[in-house]
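Below is one structure, written out as C-alpha cells; the observations come after it.
Quick note: numbers below take in every heavy atom, side chains included, and nothing from hydrogens, waters or symmetry partners. Along the sequence shown, the residues carry numbers beginning at 1.
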Amino acid sequence: MTTVSAGPGAVAQRLRAGMTDGVLSFPLTAFRDDGTLDPDGFRAYVAERLAAAPGAVFPACGTGEFFSLDEDEYRQVVTITVEEAAGRVPVVAGTGYGWAQAVRFACIAEEAGADALLVLPHYLVAAPQDGLVAQLEQITARTPLPLIAYQRGQVAFTAGSLRRIAALPNVIGLKDGHSDLDRLQRLTLAAPEDFLFFNGASTAEIQARAYATVGVPAYSSAVHAFAPEIAGAFFTALRDGDHGTVDKLLREFYVPLVELRDRVPGYAVSLVKAAARLRGHRVGPVRAPLTDPSPADLAALTALLAAGLDLVGASL
C-alpha cells in the first residue's frame, strides 16, 4: 500500500486533536507460540484497540517490540495497522537504530501508508548533541514523513538542540521518557508554539499530572493495550479535574502495577502482553531477550487486573 502522506503541518494538527481527545495507543505485536509473527492475531487485536477510541496509534514501537522485528514483519505490522485505522486516526510507525537502518524502515512505513514516524533512540552508543541533531537531519532528508523524536536512555536534547531539530522541515514533535521536568520545561519554552510534546514515561499515568504542569498533558498509555476501560477512566478523570478518581486509580491500580513491573527488567512490555492475554487477546508471548512473567508474577498481575477493572465497573 502506498499513499500520499499529508504534509507535516496537517499531520501535526490531526495528532494534536487526537491527543486532546484520548490517550495514544501503542499496540502489542502478536506472535505465535513458536515466535513467528501472527498477522491475523495482530489484525484482530489492532481492531479492538481502535474500537477503544485512542487519539492515535503507534505500531512497531517499544511496546510493539520494534527491536525484535525484521523488515518484512515490520511491513506487515504497519500495513495491517494502516488498513484497520482506515484514516480514522493517525498511524505513527516506529523506526530506529542508526540513521541508515532507520531510513530503510521509514521507506517501508511510507510505502505502507503510515502518517508519521516515531524515531526511537539510536542503538548502543552515547552521542554528543551535534550527533543527536545530525541523526534526525539524516533521516528527515531521506523521507517525506513527519518525524517525532523520542528522548530516552542515551538521547536527551538540550534546549539549543531542540530549537535545531524543530527547525527541520519534517520534525513535528518530541516524546519524552526521561521525566526530568526541569529539562522538559526548558524544552517546551524553547520550542515553536505548534511543536508537539507528549509524556512517554513507562506507565505514563503515574506522572501525567506532573507533566501537565509543564504544559505536556498528552501521554501514551501502556494500560490501553490491555485495559482501555481503566485507561479511559483515568484519562477522563484527569481531563475533568476529578482528582479523587485519579488518586484512587493511582493508589489501587497504577502504583501496584509499577511495583510489579519493576521486579524484572523488560516487564514494561512482558506484563502488558501477559495482561492482554488474560483479557483474551491473541498476542502470544514476547520475543527474546524479553521473558514472560513468572507464575507468581502472573498470579499477582491477574489479581491486580481484576481489581483495577472492578474499580471502573468492568471485569476480566
Rounded to the nearest 0.5 Å, how far does CG of Asp297 lie from OG1 of Thr302? 10.5 Å
Find out whether Val92 and Leu24 are in side-chain contact, i.e. whether some heavy atom of one side chain is under 4.5 Å from a heavy atom of the other. no
Hey, what do you get for OG1 (Thr36) to CZ (Phe31), rounding to the nearest 0.5 Å? 9.0 Å
Taking the side chain as everything from C-beta on, heavy atoms only, tell me whether Pro285 gets closer than 4.5 Å to Asp33. yes
With a 6.0 Å cut-off on the ring centroids, do Phe105 and Tyr74 count as close? yes
Indicate yes or no for a side-chain donor-acceptor contact from Ser221 to the backbone of His224 under 3.5 Å, with no hydrogens or angles considered. yes
Find the distance between CG (Leu304) and CG (Leu309) and round it off to the nearest 0.5 Å. 9.5 Å
Under the side-chain contact (heavy atoms from CB on, under 4.5 Å) rule, what do Glu205 and Leu249 come out as? Steps first, then yes or no, please. CA-CA 10 Å; Glu205 286 90 343; Leu249 288 170; over 6 Å; no
Test Phe226 against Leu278 for side-chain contact (heavy atoms from CB on, under 4.5 Å), laying out the working first. CA-CA 9 Å; Phe226 62 87; Leu278 289 172; over 6 Å; no
Who pairs with His122 by ring pair (Phe, Tyr, Trp, His ring centres under 6.0 Å), at least two apart in sequence or on another chain? none
Donor-acceptor contacts, no H, no angles, side chain residues 193-201, under 3.5 Å, sequence neighbours left out:
from, atom 1, to, atom 2, distance (Å)
Asn199, OD1, Ala201, N, 2.9
Asn199, ND2, Ala204, O, 3.1

Classify the side-chain pair Thr79/Arg75 by whether it contains a donor and acceptor separated by less than 3.5 Å. no
Do Arg261 side-chain atoms and Ser202 backbone N/O form a donor-acceptor pair below 3.5 Å? yes
For the side chain of Arg277 and the backbone of Arg282, is there at least one donor-acceptor N/O pair under 3.5 Å apart? no
If hydrophobic clusters are built from ILVMFWY residues whose side chains come within less than 4.5 Å, do Tyr211 and Leu189 share one? no
Given the side-chain rings of Tyr97 and Phe66, with only the six-membered ring counted for Trp, is the space between their centroids under 6.0 Å? yes
In terms of heavy-atom contacts, Pro90 and Arg14 come closest through N-NH2, 3.5 Å
Would you say Arg43 and Glu83 make side-chain contact, with heavy atoms under 4.5 Å? yes
Verify the neighbour count for atom CZ of Arg186: are there more than 12 heavy atoms of other residues, nucleotides or ligands below 6.0 Å? no
Kindly indicate, with the supporting measurements, whether the criterion side-chain contact (heavy atoms from CB on, under 4.5 Å) is fulfilled by Leu168 and Glu137. CA-CA 7 Å; Leu168 297 172; Glu137 289 174 338; 3.8 Å; yes
Counting only N and O atoms by type, is there a donor-acceptor contact under 3.5 Å from the side chain of Asn170 to the main-chain atoms of Leu145? yes
Contact check, side chains of Val103 and Thr95, non-hydrogen atoms, under 4.5 Å: no
Sub-4.5 Å side-chain heavy-atom contact between Val78 and Ile108: no
Provide the closest heavy-atom pair for Val89 versus Pro54 in the form atom of the first, atom of the second, distance. CG1-O, 3.6 Å
Presence of salt bridge, Arg49 and Glu84, under 4.0 angstrom: no
Judged by atom type as modelled, is there a donor-acceptor pair below 3.5 Å linking the side chain of Gln129 to the main-chain atoms of Thr158? yes
Any side-chain heavy-atom pair of Thr81 and Phe58 under 4.5 Å: no
Non-neighbouring partners of Tyr45 that pass ring pair (Phe, Tyr, Trp, His ring centres under 6.0 Å), sequence neighbours left out: His281
Do Phe253 and Phe234 pass the ring-ring contact (aromatic ring centres under 6.0 Å, His included) test, and can you show the C-alpha distance, the side-chain angles, and the key distance before you say yes or no? CA-CA 11 Å; Phe253 176 74; Phe234 184 92; 9.8 Å; no
Considering only heavy atoms from C-beta outward, does the side chain of Leu132 approach that of Ile165 to under 4.5 Å? no
Asp247 with Arg209: basic N within carboxylate O range, under 4.0 Å: yes
If I compare all heavy atoms of Ala114 with all of Val82, which pair ends up nearest, and what's the gap? N-CG2, 3.8 Å
Rounded to the nearest 0.5 angstrom, the CZ-SG distance for Phe26 and Cys61 is 5.0 Å
If you measure from the Lys or Arg side-chain nitrogens to the Asp or Glu carboxylate oxygens, is any gap between Glu48 and Arg279 under 4.0 Å? no
So do Thr29 and Arg287 actually touch side chain to side chain, heavy atoms under 4.5 Å? no
Distance, nearest 0.5 Å, that separates CG of Asp262 from OH of Tyr267: 12.0 Å
Sidechain N-carboxylate O distance under 4.0 Å for Asp130, Arg164: yes
Looking only at non-hydrogen atoms, find the nearest pair between Val246 and Leu238 and report the distance. CG2-N, 3.6 Å
Measure across Val223 and Tyr254 and return the closest heavy-atom pair with its distance rounded to 0.1 Å. CG2-CE2, 3.4 Å
Take Arg104 and Arg142 through the side-chain contact (heavy atoms from CB on, under 4.5 Å) test and state the conclusion after the steps. CA-CA 10 Å; Arg104 289 177 64 92; Arg142 291 165 172 81; over 6 Å; no
Distance-minimising heavy-atom pair for Ala233 and Val312: CB-CG1, 3.5 Å
For the backbone of Phe157 and the side chain of Arg183, can you confirm whether one donor and one acceptor N or O come within less than 3.5 Å of each other? yes
Reported CD-to-OG1 distance for the pair Glu110 and Thr143, which is rounded to 0.5 angstrom: 5.0 Å
Under 3.5 Å, is there a donor-acceptor pair between the Gln185 and Thr188 side chains? yes
